[in-house]
Amino acid sequence: MSVLDVSQAEQKLVRAIGVPGLTANIVNTTIGAGIFVLPALVAAKLGSASPFAFLVCAVVMAMVVTSFAIAGSRVSLTGGLYAYVEVAFGRYIGFLAGTLFFLTAILSVSGVISVFAVTVGAAHPLFATPLGHFGIVFVVLAALAWINIRGVRAGTHAVEAVTLIKVIPLLIFVLVGIFFLKRGAIAVPQWPGAKPIGDAVLLLIFAFAGIEVALVPSGEVKNPARTVPRAIYTSLILTTILYILIQLVGQGILGGELAKHPGAPLAEAAARFLGSAGRTLMLVGATISAFGFITSDILSSPRVIFAFGRDGVLPAWFAHVHPRFHTPDIAIISYCVIVFVLSLNSTFQQLAVLANVAVLLLYILCCAAALELMRRKVRTDGPPFHIPGAPVIPVLAIAVIAWILVHASTKEFAVTGICLAVASILFVARRVTAARL
């Protein structure tokens, strides 16, 4: 049994995030703009059996997040999955995990905020110009940076508020639309084979991704051994139920036509029972959902830069903590500046090249870290999370993720490999420079 040494910089942070705040952050990060379009893509593969794919995907993610809960209850350092892997396997492997996370996070939020600006621009010609796009991105990032620098509580409250607002259109869609379902449209005449189900799960796994982002501020979570597992499972249950109901309503309203509206299937379905107001509601909801993802990301992802600075991978000033607000101010500002630059040129297509493989490789490292942390009996801040058969679950998760990765392209592996190779060179250069000083 061992106790982790927490750095002086880490001790300056305020543990202010409880179960409600962390749950809201996970839900907000998980339920993104994708759920407003995914129902059509899944329906194209599975038809009326589509809700089953969400259930299968939830089971897969349950194994993965259980590994997160095991590791997160034993390591309460800022950095989330990066910190778990670093404690388990050392600084270099931890750095690779942090690199994978950073690539996924920075490209994801850059693409989302770019799409957000385009969506706002479509609502009014004034914002459709390059200057308008520039202004929207700048104002959003500057405002969120200011909120999060002023305190993690303020950032958490912003996430909780946006989470409630973004879920309202989806709840209206489900609670009203359920009275307009056509029984024949949701009947399953024939269950699909293993391949279409596997393809659909491969697509949907990313609808459940995002928990790794919300777990980054672990150093600011109250009683992580209790908070992390409860928040993870609560958010997974809530999102799964909501996703299945959304798919059922969309399928029950549009039937076979659902797959013919890949751009805005929920807006099309809502228009059938709420008219033009329903279409507008869902389009606005998609915009709010994108903004919600951005708020969660700015709350969480800059802590990776802080963790790199804390651990000496980056210069120590990246781990600076604001003397008044006790937040990683330099890391937050640096992250927002990078997002701002990338968002002016990023697209979802560019993002997908790295995100798919990177996040799954990160999951494998975290599952392996959970096994190692249990083997070494690492623990901090109270008794660690434990369930029967705990050592088997990460192994099963790794096997499932490996199966999913089989469907990835050679190009995705190549691009991710190049990024890791460049990161490794920078890591070695940093260590050599530090040794000479």
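Small disclaimer: the values here were computed from a predicted structure and weren't measured. Residue indices begin at 1 and follow the sequence shown. The analysis underlying the following values was restricted to heavy atoms, covering all of them including side chains, and did not include hydrogens, waters or symmetry mates.
- Closest of all the heavy-atom pairs between S110 and L342 is OG-CB, 3.4 Å.
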Between L373 and I70, does the side-chain contact (heavy atoms from CB on, under 4.5 Å) criterion hold? Intermediate values first, please. CA-CA 8 Å; L373 293 170; I70 292 171; 5.9 Å; no

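- Pairing each heavy atom of F306 with each of A319, the nearest pair is CE1-O, 3.2 Å.
- For Y335 and F340, the gap between ring centers reaches or exceeds 6.0 Å.
- Here CG of L141 is found 11.5 Å from CD1 of I136. Values are rounded to the nearest 0.5 Å.
- None of H322, R324, H320 except one satisfies the side-chain hydrogen bond (donor to acceptor under 3.5 Å, both in side chains) rule with D329; the exception is H320.
- Across all non-hydrogen atoms, the minimal contact from V359 to T104 is N-OG1, 3.7 Å.
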Steps toward side-chain contact (heavy atoms from CB on, under 4.5 Å) verdict (T327, V321): CA-CA 5 Å; T327 54; V321 175; 5.9 Å; no

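- The shortest distance between side-chain heavy atoms of I333 and I149 falls below 4.5 Å.
- For I113 against S343, the heavy-atom pair with the smallest separation is CG2-CB, 3.3 Å.
- Side chain of T416 to main chain of F413: no donor-acceptor pair is present (N/O by atom type, distance under 3.5 Å, no hydrogens or angles).
- The minimum heavy-atom distance between L281 and I172, with the atom names listed, is CD2-CG2, 3.8 Å.
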For a side-chain contact (heavy atoms from CB on, under 4.5 Å) check, start with the C-alpha distance between F102 and I305, then their side-chain angles and the critical distance, and finish with the verdict. CA-CA 8 Å; F102 187 77; I305 296 179; 3.9 Å; yes

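- Put simply, the side chain of C336 reaches to within 4.5 Å of the side chain of I298, judged on heavy atoms.
- The shortest distance between side-chain heavy atoms of T240 and F208 falls below 4.5 Å.
- Taking the side chain as every heavy atom from C-beta outward, V137 and H133 approach each other to under 4.5 Å.
- Using a 4.5 Å heavy-atom cutoff, the side chains of L361 and L405 are in contact.
- In this structure, CG on L371 lies 10.5 Å from CD1 on I393, to the nearest 0.5 angstrom.
- Counting non-hydrogen atoms of other residues, nucleotides and ligands closer than 6.0 Å to CG of L175 gives a total above 12.
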What side-chain donor-acceptor pairs closer than 3.5 Å can you find for residues 266-279, not counting sequence neighbours?
from : atom 1 : to   : atom 2 : distance (Å)
E268 : OE1    : R279 : NH2    : 3.3
E268 : OE2    : R272 : NE     : 3.4
E268 : OE2    : R272 : NH2    : 3.4
R272 : NH2    : E257 : OE1    : 2.9

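- For the atom pair CD1 of I401 and OH of Y363, the computed distance is 8.0 Å after rounding to the nearest 0.5 Å.
- Here the straight-line distance linking atom CG of L258 with atom CD1 of I253 works out to 10.5 Å at 0.5 Å rounding.
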Which atom pairs, donor and acceptor, lie under 3.5 Å between side-chain atoms of residues 48-69 and protein residues at least two apart or in another chain?
from : atom 1 : to   : atom 2 : distance (Å)
S48  : OG     : A187 : O      : 2.7
S50  : OG     : V42  : O      : 3.4
S50  : OG     : G47  : O      : 2.5
T66  : OG1    : A62  : O      : 2.7
T66  : OG1    : Y233 : OH     : 2.6
S67  : OG     : M63  : O      : 3.4

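- Between L170 and M282, some side-chain heavy-atom pair lies under the 4.5 Å cut-off.
- L204 contributes atom CG, which lies 8.5 Å from atom CG of L46 (distance to the nearest 0.5 angstrom).
- In this structure the side chain of S334 reaches within 4.5 angstrom of the side chain of I330, judged on heavy atoms.
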L100 and L365: side-chain contact (heavy atoms from CB on, under 4.5 Å), yes or no, with the steps? CA-CA 10 Å; L100 289 170; L365 287 177; 4.0 Å; yes

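- A pairwise comparison of heavy atoms in L360 and I404 identifies CD1-CG2, 3.6 Å as the closest pair.
- Here the side chains of L242 and L171 are in contact, with some heavy-atom distance below 4.5 Å.
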